[in-house]
Amino acid sequence: MANRPLQLTLNGQPVGPVDIPDDLPMIDYLHEYKNLTGSRLGCGQGICHACVVIVDNPDGTSEEVRTCITGAHYFEGKQVRTIEGHAKRDESGQVTELNPIQQRFVDEFAFQCSYCAPGFVNAATVLVEKLQRQPTVHSKLEQVIEDSLGHHVCRCTGYVRYYNATRNVLTDLGLVKEG
Amino acid sequence: MKLFLTRLALAAGLAAPVLFAHADDQAKRGEYLARAADCMACHTAPGGAPFAGGLPIVSPFGTIYGTNITPSKEHGIGLYSDDEFFAALTEGKRRDGAYLYPAMPYTSYHLMPREDSDAIHAYLKSIEPIERAAPVTSLSFPFNVRLGLMGWNVLYGKALKLEPAEGKSEAWKRGQYMVEVLGHCGECHTPRGLPGAMELDKRLTGGILNGYLAPSLLATDLAARGWNEQDLATFLKHGMSAQGTMFNEMFPVFHNSTQGLSDTDLAAMATFLLGDKPPAAKALVEVPVDKLGPSALRGRQEYLNVCAGCHAAGGEGKPHIAVAMRGNTTLRLEDPRNLVRVIEDGIGEQKFSGFEHMQPMPGFAGKLSPAQLTDLINYLRQGWGGQSAELAVSDVQKLQAEAPSIEHKAH
Ligand code: FES
Ligand code: FES
């Protein structure tokens, strides 16, 4: 396989152009070239969603993309966020503040082994940001959470605490209106 | 005498009428025939009781519902005599004299011998009656006028003529009965003219169903796509072979029908389809990367970006996850329609025989631009489909416009 140049924005930082193989999966690029090992390789087949990153589209929307089944060059020119990009850090790179989803998942013991957690954090973060653009209503809240998190697999928790914690964050942030 | 009768039937290319001592045996034989005739497919709603009807069949004329064919006297066929059942099966005539809509493939079944109809009837009488009415078909005018079907029937109802069986092997004759009559494969794999009737001079040359191509089953076309007898029989038995997996409308056919047929019958079907002297399966000619056209070369990177994770960079696929692209029958079709549809719609998770299954394929509708989709399709066809011509973006857009993407939930 030949190399070709890749340029993208990763957690707000411009990266590249860097020559990498044309068939390199994104998860391998993150792990092996960028030392960003927080995105988890679970099934490697596009099912569990442990490996998702967030792509921010030019129109202001965001989406999850599975990095195990997507080549690094798919992300050419795109704005990408990984699990490492959510928390606030100080000059030395130490985490000073988690994002509201991360903090709530910790506070409410939402995960156990945590293998699936980066995927859930990204999914719930995309949901928070979506509702910040267009809030939902109480009567739809559970379905909205199911629709946003339901494709993520967790083998430990039974999902309930993940979903409850997400509901609590959304409610506390004022993203759920009457109705 | 029995031997004589058997020979006579075989000579006529029909199922051997073994003289059954018990009604049980007749019902058992009927169960197998009903499976081969795939009655289940239309007469069972998804998740519904077997043969209790309710499957909506979308036709150009409106939605037709499969009827309840359990022995319920009120809602099913409990009051049918063998004669009446035979008339419904082979002439499309209901017990009350009304005509059935030709979604019921009586144009194919009308060549079914009486003893096979009786056996299927015996089987259906032996199953549990389901006391529930199937939804009522209501078509728009003029198709709601069942009387009009009389004219349709005069024109087309009996138009199916089988290819003469003289000089053919016994396997070919049996295969012809399984494919043409019981399996009614021609109902989908034949183009339909405006009144919804099969264009019989183009029989088995391929038809279009809900935006997908039911490809040509002619021997030369099958061989051109790399099929041989053994692979065809394997495909029918297991729903998968080196050429790929069953999907879309063929997936339930595999589940309800072909996987439960005997190896002898499946081999006979392959013999009939490819002929007693089958044409050699065409070897695949792959276009090497440095010979790819400009669109296909761009498409190669699209493939590496969004397909190779499951179908592998070299197109060999991954066992139990995703089929091989190299030599895949959909890539080898000259018509790119199914490739467009599958990439746009995706395929739900599929379970095959034993523990075998394939993981769901995501649909890419709205995720690839028409130009990206065209590049990808050109790469797939040139790289692993033996189709060297490059399609234009407008060719692909035309196919996209013909059948808007649907989201697949199951299979
Ligand atoms: S590792 Fe990517 S979906 Fe499971
Ligand atoms: S916490 Fe262990 S897999 Fe989800």
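Chain letters run A, B, ... following the sequence lines, proteins first and then strands; every chain starts at 1.
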[atom1] of [X]: more than 12 outside heavy atoms within 6.0 angstrom?
X: Gln132(A); atom1: CD; value: yes
X: Lys78(A); atom1: NZ; value: yes
X: Lys318(B); atom1: NZ; value: yes
X: Gln112(A); atom1: CD; value: yes

What are the two closest non-hydrogen atoms of [X] and [Y], and how far apart are they?
X: Tyr74(A); Y: Val306(B); answer: CD1-CG1, 3.6 Å
X: Cys310(B); Y: Gln45(A); answer: SG-O, 4.2 Å
X: Asp22(A); Y: Gln301(B); answer: O-NE2, 3.0 Å

Next item on the list: Please tell me if the side chains of Ile47(A) and Gln359(B) come closer than 4.5 Å, counting only heavy atoms from C-beta onward.
Entry: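 Side chain of Ile47(A) against side chain of Gln359(B), heavy atoms only: contact under 4.5 Å found.
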Margin query: Run the salt bridge (charged side-chain N to carboxylate O under 4.0 Å, His left out) test against Glu108(A) and tell me which residues pass, sequence neighbours left out.
Written below: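 Per chain and number, Glu108(A) pairs via salt bridge (charged side-chain N to carboxylate O under 4.0 Å, His left out) with Arg104(A).
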Item checked: Euclidean distance, Asn305(B) CG relative to Leu24(A) CG, rounded to 0.5 Å ->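 One finds 11.0 Å between CG of Leu24(A) and CG of Asn305(B).
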